[in-house]
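Working notes, beginning with the structure itself.
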Amino acid sequence: MSLHTWFFYVIAVLVLTVTPGPSVLMCVTNGVNHGARRTFFSAMGSVTAVLAIMSFSAIGLGAVLAASEHVFSAIKWFGVAYLFYVGVTTLRSTTSSFALPDRGTERKSRRSLYLQGLLVGVSNPKALLFFTAFFPQFIDPAAPQLPQFVVLGATFVAFELFWLMFYASFAARIAPWLRTEGRARWFNRASGSVFIGASALLATVKRSASNA
């Protein structure tokens with residue numbers, strides 16, 4: 001892979017990962033509710049989902065996803081349903097102030113946060129479209145593909161993890177302000193609305209015209 005190709009890939013990944021989406025919103029919400037350290041597990045769940053989608057693309061399943069209306073629709077509507085569920089649950093929360101979870105729930109919370117990150121990452125429309133339509137264009141079929149996959153994958157994971165934790169850390173810093181009585185309710189309503197909006201946006205996503 002040429003340095004020129006990698007440079008353009010870095011620009012594309014930077015734009016994709018810095019732009020707020022479902023995974024970023026999830027990390028912001030968890031950063032406020034649980035702190036940046038605990039949110040790391042959500043970020044790792046999202047990164048795991050990215051690696052899975054990337055691997056599917058590398059072994060050719062991305063082409064199947066792009067070509068099959070039924071497979072694409074099944075994954076898309078699963079994502080729509082999950083994002084809508086998270087949005088409604090957050091929107092209906094009666095919490096009026098934020099408080100960090102106690103140590104008695106630490107182990108269970110970490111598992112739950114990781115699973116949440118995994119599910120949100122899998123249902124992220126940006127990742128699905130990027131790795132099925134855009135990612136293969138950076139692979140040189142005439143050169144060994146495994147080294148290219150490792151370089152491109154490591155680059156994406158580094159950017160994804162950095163920006164998710166950046167947003168989570170920022171949210172954790174403003175958490176004391178949000179812990180004022182009543183502000184948690186406002187924050188959850190705003191977050192829930194955005195999650196529902198993300199589910200509605202994902203519902204409109206279609207395969208590219210070239211694959212239809």
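Just so you know, these numbers use all the heavy atoms, side chains as well, and skip hydrogens, waters and symmetry mates.
Rounded to the nearest 0.5 Å, atoms OG1 (T155) and CG (L14) are 12.0 Å apart. To the nearest 0.5 angstrom, L118 atom CG is 12.5 Å from L113 atom CG. Between T5 atom OG1 and Y9 atom OH the span is 12.5 Å, to the nearest 0.5 Å.
Within 6.0 Å of the OH atom in Y114, the count of heavy atoms belonging to other residues, nucleotides or ligands exceeds 12.
The two atoms that bring T39 and G31 nearest to each other are OG1-N, 3.1 Å, heavy atoms only. The heavy-atom pair separating G121 from S23 by the smallest distance is CA-OG, 4.0 Å.
Between R38 and N30 the shortest side-chain heavy-atom distance does not fall below 4.5 Å. The closest side-chain heavy-atom distance from R111 to F41 is not below 4.5 Å.
The side chain to side chain contact (heavy atoms under 4.5 Å, CB included) test with F156 singles out one residue from V13, V47, V151, and that residue is V13.
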Please output the side-chain donor-acceptor pairs of residues 157-167 that fall under 3.5 Å, not counting sequence neighbours, one pair per line with the distance.
{"unit_1": "E160", "atom_1": "OE2", "unit_2": "S46", "atom_2": "OG", "d": "3.4"}
{"unit_1": "Y167", "atom_1": "OH", "unit_2": "V18", "atom_2": "O", "d": "2.7"}

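With S42 contributing its side chain and G117 its backbone, the two residues share no donor-acceptor pair below 3.5 Å.
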